[in-house]
2 protein chains.
Amino acid sequence: MNRKSGCAVEVTLSVMGGTWKPIILFHLLHGKKRFSELDRQIGGITQRMLTLQLRELEEAGIVERTVHAEVPPRVDYALTALGQTLQPVLLAMRHWGETYAREHLQEDAAPAHCTMDTEAAVPLQRAA
Amino acid sequence: MNRKSGCAVEVTLSVMGGTWKPIILFHLLHGKKRFSELDRQIGGITQRMLTLQLRELEEAGIVERTVHAEVPPRVDYALTALGQTLQPVLLAMRHWGETYAREHLQEDAAPAHCTMDTEAAVPLQRAA
DNA sequence: CAGCATCCCTGAAGATACTG
DNA sequence: CAGTATCTTCAGGGATGCTG
């Protein structure tokens with residue numbers, strides 16, 4: 001746990017900070033996803049990174065990993081109740097990014113898989 | 001600009017991501033601050049890092065740098081109107097961090113300089 | 001399919017010293 | 001006071017190949 005100056009912001013960062021975690025979490029807001037789905041939907045991530053990040057999120061109690069004892073193997077990941085509470089943060093980030101891109105970058109909006117209906121996605125279970 | 005998978009979240013991250021930027025921005029929510037004030041209030045950051053991060057934020061149009069032509073030299077930093085729009089994101093992060101720390105880390109809340117009255121701080125100028 | 005193991009590399013961040 | 005200038009370290013991340 002990294003708490004350089006003891007700020008609550010850093011606690012959040014230590015859990016969902018980094019290059020990939022916010023993106024992974026964002027895709028999971030949609031609902032549970034399989035490893036390969038995440039792999040495909042998040043362009044550019046390596047399997048190694050995806051695995052590592054998912055493990056860290058799992059250890060922080062943010063995502064839940066379910067292994068189905070089948071052949072071929074199937075594993076899916078979903079946000080835990082605690083993970084759901086990150087929704088406001090993630091949505092705030094997305095909203096800001098969209099506005100910034102639109103008003104300051106003059107680029108088109110994010111592609112469909114990112115502009116997905118997250119507002120109407122999974123309802124918050126613990127507004128904390 | 002890093003847009004690996006084109007997500008709006010990444011746009012936000014590219015602007016306010018990293019180890020120090022959120023913390024710096026957080027301290028600036030309070031109002032304008034001098035270089036040395038930030039240096040002191042953010043425990044553990046080096047002058048070099050502080051300078052670098054502030055320059056990047058300045059270039060992104062998030063903070064404004066004001067040089068006072070005096071002796072001894074004085075420079076202060078403040079959020080621009082655009083920077084103010086990050087408030088919701090920052091506050092959401094802090095709020096989540098506080099709750100997480102309280103409920104899952106069983107540690108005391110953040111120190112005073114972080115629990116500062118940011119809710120009542122500078123009002124949003126462009127809710128975007 | 002999901003994911004480890006290995007090796008490698010870059011770039012973010014730190015330490016320290018100096019200056020207009 | 002508010003930075004620069006160097007040098008160094010190291011962890012985040014990439015590529016590839018193998019396996020239960």
Side-chain angles (χ1 to χ4, degrees), chain A residues 1-5 7 9-10 12-25 27-28 32-60 62-78, chain B residues 1-5 7 9-10 12-28 32-60 63-78:
Chain A
M1 181 71 54
N2 160 24
R3 297 192 64 184
K4 284 181 183 55
S5 68
C7 291
V9 191
E10 295 173 41
T12 305
L13 256 21
S14 72
V15 170
M16 59 153 298
T19 312
W20 299 111
K21 290 204 191 80
I23 304 171
I24 295 173
L25 291 173
H27 282 274
L28 288 179
K32 76 175 159 200
K33 289 222 159 62
R34 305 183 50 167
F35 185 85
S36 49
E37 283 183 284
L38 287 170
D39 196 12
R40 253 178 290 110
Q41 288 174 14
I42 303 175
I45 196 172
T46 56
Q47 289 186 325
R48 169 192 149 81
M49 268 302 122
L50 186 52
T51 304
L52 286 174
Q53 303 301 307
L54 282 169
R55 287 290 134 75
E56 290 178 18
L57 289 170
E58 195 188 351
E59 211 167 321
I62 301 297
V63 308
E64 196 178 16
R65 181 167 175 266
T66 312
V67 182
H68 301 268
E70 314 175 346
V71 174
R74 204 177 90 206
V75 178
D76 46 39
Y77 295 89
Chain B
M1 181 69 54
N2 161 23
R3 297 193 65 185
K4 285 180 183 55
S5 68
C7 291
V9 190
E10 295 173 41
T12 305
L13 255 22
S14 72
V15 171
M16 59 154 296
T19 312
W20 298 111
K21 290 205 191 80
I23 305 170
I24 295 173
L25 291 173
F26 199 79
H27 282 274
L28 288 178
K32 77 175 159 197
K33 289 220 159 62
R34 306 182 50 165
F35 185 85
S36 49
E37 283 183 284
L38 287 170
D39 196 11
R40 252 177 291 110
Q41 289 174 15
I42 303 175
I45 196 173
T46 57
Q47 290 186 323
R48 170 193 150 81
M49 267 304 123
L50 186 51
T51 305
L52 285 175
Q53 304 301 308
L54 282 169
R55 286 290 136 75
E56 289 178 17
L57 289 170
E58 194 188 351
E59 211 167 319
V63 309
E64 196 178 17
R65 181 167 175 267
T66 313
V67 183
H68 301 268
E70 314 173 349
V71 174
R74 204 176 91 206
V75 179
D76 46 37
Y77 295 88

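Here is the naming used below: chain letters follow the sequence lines, and residue numbers restart at 1 for every chain. Just so you know, these numbers come straight off a predicted model, no measurement behind them.
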Self-check item: Residue pair B:Asp76, B:His68: steps toward the side-chain contact (heavy atoms from CB on, under 4.5 Å) verdict
Solution: CA-CA 8 Å; B:Asp76 46 37; B:His68 301 268; 3.1 Å; yes
If I take atom [atom1] in residue [X] and atom [atom2] in nucleotide [N], what distance separates them, rounded to the nearest angstrom?
X       : N      : atom1 : atom2 : answer
A:Leu54 : D:dG12 : CG    : P     : 16 Å
A:Glu56 : C:dC4  : CD    : P     : 13 Å
A:Gln53 : C:dC4  : CD    : C1'   : 16 Å
B:Leu50 : C:dA12 : CG    : C1'   : 16 Å
B:Glu58 : D:dA2  : CD    : P     : 15 Å
A:Leu38 : C:dC1  : CG    : P     : 15 Å
A:Arg65 : C:dA2  : CZ    : P     : 10 Å
B:His68 : D:dG3  : NE2   : P     : 11 Å

Approximate separation, where rounding is to 0.5 Å, of [X] [atom1] and [Y] [atom2]:
X       : Y       : atom1 : atom2 : result
A:Gln41 : A:Arg34 : CD    : CZ    : 12.0 Å
A:Lys21 : A:Glu56 : NZ    : CD    : 4.0 Å
A:Leu38 : A:Leu28 : CG    : CG    : 5.0 Å
B:Gln53 : B:Leu50 : CD    : CG    : 8.5 Å
A:His27 : A:Glu37 : NE2   : CD    : 11.0 Å
A:Trp20 : A:Leu54 : CH2   : CG    : 12.5 Å

Expected rows: protein N/O vs nucleotides 17-20 of chain D N/O, under 3.5 Å:
none

Below the 4.0 Å mark, does [N] have OP1 or OP2 next to a side-chain nitrogen or oxygen of [X]?
X       : N      : answer
B:Arg55 : D:dT4  : yes
B:Thr51 : D:dG3  : no
A:Thr46 : D:dA15 : no

Quiz item: Closer to the 5' end of DNA chain C via nearest nucleotide, is it A:Arg34 or B:Gly18?
Solution: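 Nearer the 5' end of the strand: A:Arg34.
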Quiz item: Looking at five pairs on each end of the helix from C:dC1-D:dG20 to C:dG20-D:dC1, what is the angle between the two axes, given to 10 degrees?
Solution: 60°
Quiz prompt | Under 4.0 Å protein heavy-atom contacts per nucleotide of nucleotides 5-10 of chain C, with B for base, S for backbone only and - for none | solution = -B----
Quiz item: In terms of side-chain heavy atoms of A:Pro72, which of C:dC1, C:dA13, C:dA2 is nearest?
Solution: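 For the A:Pro72 side chain, the nearest candidate turns out to be C:dC1.
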Self-check item: Sub-4.5 Å side-chain heavy-atom contact between A:Ile62 and A:Met16
Solution: no
Self-check item: Side chain to side chain, B:Ile24 and B:Tyr77, heavy atoms closer than 4.5 Å
Solution: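 No - every pair of side-chain heavy atoms lies 4.5 Å or more apart.
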Exercise. Only counting residues at least two apart or in another chain, list the ones meeting side-chain hydrogen bond (donor to acceptor under 3.5 Å, both in side chains) with A:Asp39.
Key: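 side-chain hydrogen bond (donor to acceptor under 3.5 Å, both in side chains) list for A:Asp39, sorted by chain: empty.
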Quiz item: What pairs with A:Glu58 under salt bridge (charged side-chain N to carboxylate O under 4.0 Å, His left out), at least two apart in sequence or on another chain?
Solution: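 A:Glu58 satisfies salt bridge (charged side-chain N to carboxylate O under 4.0 Å, His left out) with A:Arg55 only.
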Self-check item: With sequence neighbours excluded, residues passing salt bridge (charged side-chain N to carboxylate O under 4.0 Å, His left out) with A:Arg65
Solution: none
